[in-house]
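The structure under discussion appears below in the form of structure tokens.
Naming: A, B, ... by sequence-line order, numbering from 1 per chain.
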There are 2 protein chains.
Amino acid sequence: MTDDVRIRILSVDDHPLIREGIAAVIANEPDMELIAEASTGREAIQRFREYRPDVTLMDLRLPDISGIDSLIEIRAVNSDARVIMLTTFEGDAEIERALRAGAQGYMLKSMPRKQMLETIRRVHAGKKHIPSEVAALLAEHVGEESLSKRELEVLQKIAGGNRNSDIASLLYISEETVKGHVRNIMEKLGASDRTEAVAIGLRRGMIHL
Amino acid sequence: MTDDVRIRILSVDDHPLIREGIAAVIANEPDMELIAEASTGREAIQRFREYRPDVTLMDLRLPDISGIDSLIEIRAVNSDARVIMLTTFEGDAEIERALRAGAQGYMLKSMPRKQMLETIRRVHAGKKHIPSEVAALLAEHVGEESLSKRELEVLQKIAGGNRNSDIASLLYISEETVKGHVRNIMEKLGASDRTEAVAIGLRRGMIHL
DNA sequence: TAGAAAATCAACCCTTTCGAGGGATTACCG
DNA sequence: CGGTAATCCCTCGAAAGGGTTGATTTTCTA
């Protein structure tokens, strides 16, 4: 048994049950080893510094820092870090941000063990791995214009029940400008009104409540 | 070793990782035994009929039938069935529906193992068990009027980006009636406009996208 | 680093829709 | 019977939404 070739894994998730599940799946694999766990983003970065895992499994939503921000931090520590995002099905916007931030893989909690293990092995081998369901979701919106920073800000305010005039005050711009942003948002998302724009933004993971 | 006093458990969740986690947690307990698993609502009802578990752990959202509807089905088979809902934090509306439908316990995926095991033991002993965080969430809205069936229908249509006149056609009622419903909805939810009403409805688990 | 492209800001006009008032009728349920 | 839900009607001012144009700044890229 050559212990030193084992893939050293760090798992990050705030749900004990999930971490337990990951531990159980990995425990059965002779070529893998769970070396550390974390339940928050801050802890994840800490553990990464200490253990330098070969592969990090990271939940997208964590109580303190978001999974994506944690991922960025970790890659700042080591730009070769191999990180796999692990989530239930979120919107395509989150997935894209994760990949753009440098995630090598994307794993769904609904995937069978076999596929999860394969993903870990492939990513450890230096390949990127995105499940076909996820790829299909991404493909649905390729070429579409994405919302600008400002537009996302405005959309978030709309979701909070603010009128255009309220948003204008909050962002220190004129109401006319807000209306312009709102029109662009609806146009880009294909929404028929502001309410649907919020619904689509939420579904696609662009904004959160 | 008295095998026959073991708590016989059925776990229902569409995420293999979660089922794996549950299995791992239970495996360490001498007084519990995982006798069956299911990944869909239909399968859950089937397994319940076959195995008659002492306690059923059921995820709130399942691919086919919702966890609540599965719960109702199961309690139709056996009104003494002890079922614990297992979810990430959803809105208070879902929790209330689950409890109203006869769930004896509510378990959060973010709970530590110890509390989970305690919940299982308490529910098996015939007691109800709701974690304090969940109870607090429920308490936040006690006494508040809940949305009527029709109002929920209207709210769902609003979320889809429909105008009042569209909703009127869809539901075969006049636009004036729709406006009346919309006003009641905003009043009851404390929303300043229809968009915020949708946001609140989503957050509290009254509607889904 | 110069120039193009995008984002942001702002203004005009005009139509449609919303949201807040008011009040009223039917039907069902405990 | 009282309460609640659901239905419908009217008015009216305030927002939202659609079209267009243009100036300024930022950002990207050739």
ask   = Just checking B:Arg183: base, sugar-phosphate only, or nothing, at a heavy-atom cut-off of under 4.0 Å?
value = base
task = Could you tell me whether the side chain of A:Leu147 reaches within less than 4.5 Å of the side chain of A:Val154, counting heavy atoms only?
result = no
message = Between P on C:dT8 and CG on A:Leu155, what's the gap in Å once rounded to a whole number?
response = 13 Å
inquiry  = Distance check needed: D:dA16 C1' versus A:Asn162 CG, whole Å only.
reply    = 14 Å
Pair B:Arg8 + B:Glu33: basic N to acidic O under 4.0 Å = no
ask   = Side chain of A:Lys128, backbone of A:Val123: donor and acceptor closer than 3.5 Å?
value = no
request  = Grab the CD-P distance between A:Glu196 and C:dT17 for me, whole Å please.
outcome  = 15 Å
ask   = Hey, are B:Glu118 and B:Arg121 close enough for a salt bridge, meaning a charged N less than 4.0 Å from a carboxylate O?
value = no
task = Could you tell me the separation between the CD1 atom of B:Ile158 and the P atom of C:dT17, rounded to a whole number of Å?
result = 15 Å
query = With sugar-phosphate meaning primed atoms plus P, OP1 and OP2, does B:Asn184 contact a base, only sugar-phosphate, or nothing at under 4.0 Å between heavy atoms?
reply = nothing
inquiry  = Check A:Arg6 with A:Asp31, please: is the shortest side-chain N to carboxylate O separation under 4.0 Å?
reply    = no
task = For B:His141, check side-chain hydrogen bond (donor to acceptor under 3.5 Å, both in side chains) against everything at least two apart and list the hits.
result = B:Glu144, B:Arg204
ask   = Should B:Thr87 and B:Tyr106 count as side-chain neighbours, where that means a heavy-atom distance under 4.5 Å?
value = yes
query = Atom CD in A:Glu43, atom CG in A:Asp14: separation rounded to 0.5 Å?
reply = 11.0 Å
message = Could you work out how much the helix from C:dT1-D:dA30 to C:dG30-D:dC1 bends, comparing the axis of its first five pairs with that of its last five, to 10°?
response = 70°
task = If a pair satisfies salt bridge (charged side-chain N to carboxylate O under 4.0 Å, His left out) and one of its residues is in residues 67-89 of chain B, list it, with sequence neighbours excluded.
result = none
request  = Among residues two or more places apart or on two chains, list those pairs meeting salt bridge (charged side-chain N to carboxylate O under 4.0 Å, His left out) that have a residue in residues 159-170 of chain B.
outcome  = B:Arg163-B:Asp166
ask   = Starting at NZ of A:Lys149 and ending at P of C:dA7, how long is that distance when rounded to a whole Å?
value = 13 Å
Validation: residues 170-177 of chain B side-chain donor-acceptor distances under 3.5 Å, sequence neighbours left out:
from, atom 1, to, atom 2, distance (Å)
B:Ser174, OG, B:Glu176, N, 3.3
B:Ser174, OG, B:Thr177, N, 3.2
B:Ser174, OG, B:Thr177, OG1, 3.2

key: Near-strand residues of residues 165-182 of chain A, defined as heavy-atom separation under 4.0 angstrom from DNA chain C   = A:Ile173, A:Ser174, A:Glu176, A:Thr177, A:His181
query = To the nearest Å, how far apart are B:Glu145 CD and D:dG3 P?
reply = 13 Å
key: side-chain hydrogen bond (donor to acceptor under 3.5 Å, both in side chains) contacts in which one or both residues fall within residues 153-162 of chain B, not counting sequence neighbours   = B:Arg150-B:Glu153
request  = Would you indicate whether the side-chain heavy atoms of A:Glu37 and A:Leu10 approach each other to under 4.5 Å?
outcome  = no
query = Closer than 4.0 Å, any side-chain N/O of A:Arg150 to the OP1 or OP2 of C:dT8?
reply = no
query = Does A:Glu20 pair with B:Arg113 as a salt bridge, N-O distance under 4.0 Å?
reply = yes
What protein N or O atoms touch nucleotides 21-26 of chain D N or O atoms at under 3.5 angstrom, if any, and at what distances?
none

Which residues share a side-chain hydrogen bond (donor to acceptor under 3.5 Å, both in side chains) with B:Arg203, sequence neighbours left out = none
request  = Rounded off to whole Å, could you give me the CZ-to-C1' distance for the B:Arg163 and C:dG19 pair?
outcome  = 17 Å
request  = Please identify each residue that fulfils side chain to side chain contact (heavy atoms under 4.5 Å, CB included) with B:His15, with sequence neighbours left out.
outcome  = A:Thr88, A:Lys109, A:Ser110, B:Asp13, B:Ile18, B:Lys109
Would you tabulate the nitrogen or oxygen pairs shorter than 3.5 Å linking the protein to nucleotides 26-30 of chain C?
none

query = Do any of residues 187-194 of chain B sit with a heavy atom less than 4.0 Å from DNA chain C, and if so which?
reply = B:Asp193, B:Arg194
request  = Taking the side chain as every heavy atom from C-beta outward, state whether A:Ser70 and A:Met58 have any atom pair closer than 4.5 Å.
outcome  = yes
key: Between P of D:dA5 and CG of B:Leu147, the distance in whole Å   = 10 Å
request  = May I ask you to evaluate whether A:Asn164 reaches the phosphate of D:dA16, defined as a side-chain N or O under 4.0 Å from OP1 or OP2?
outcome  = yes
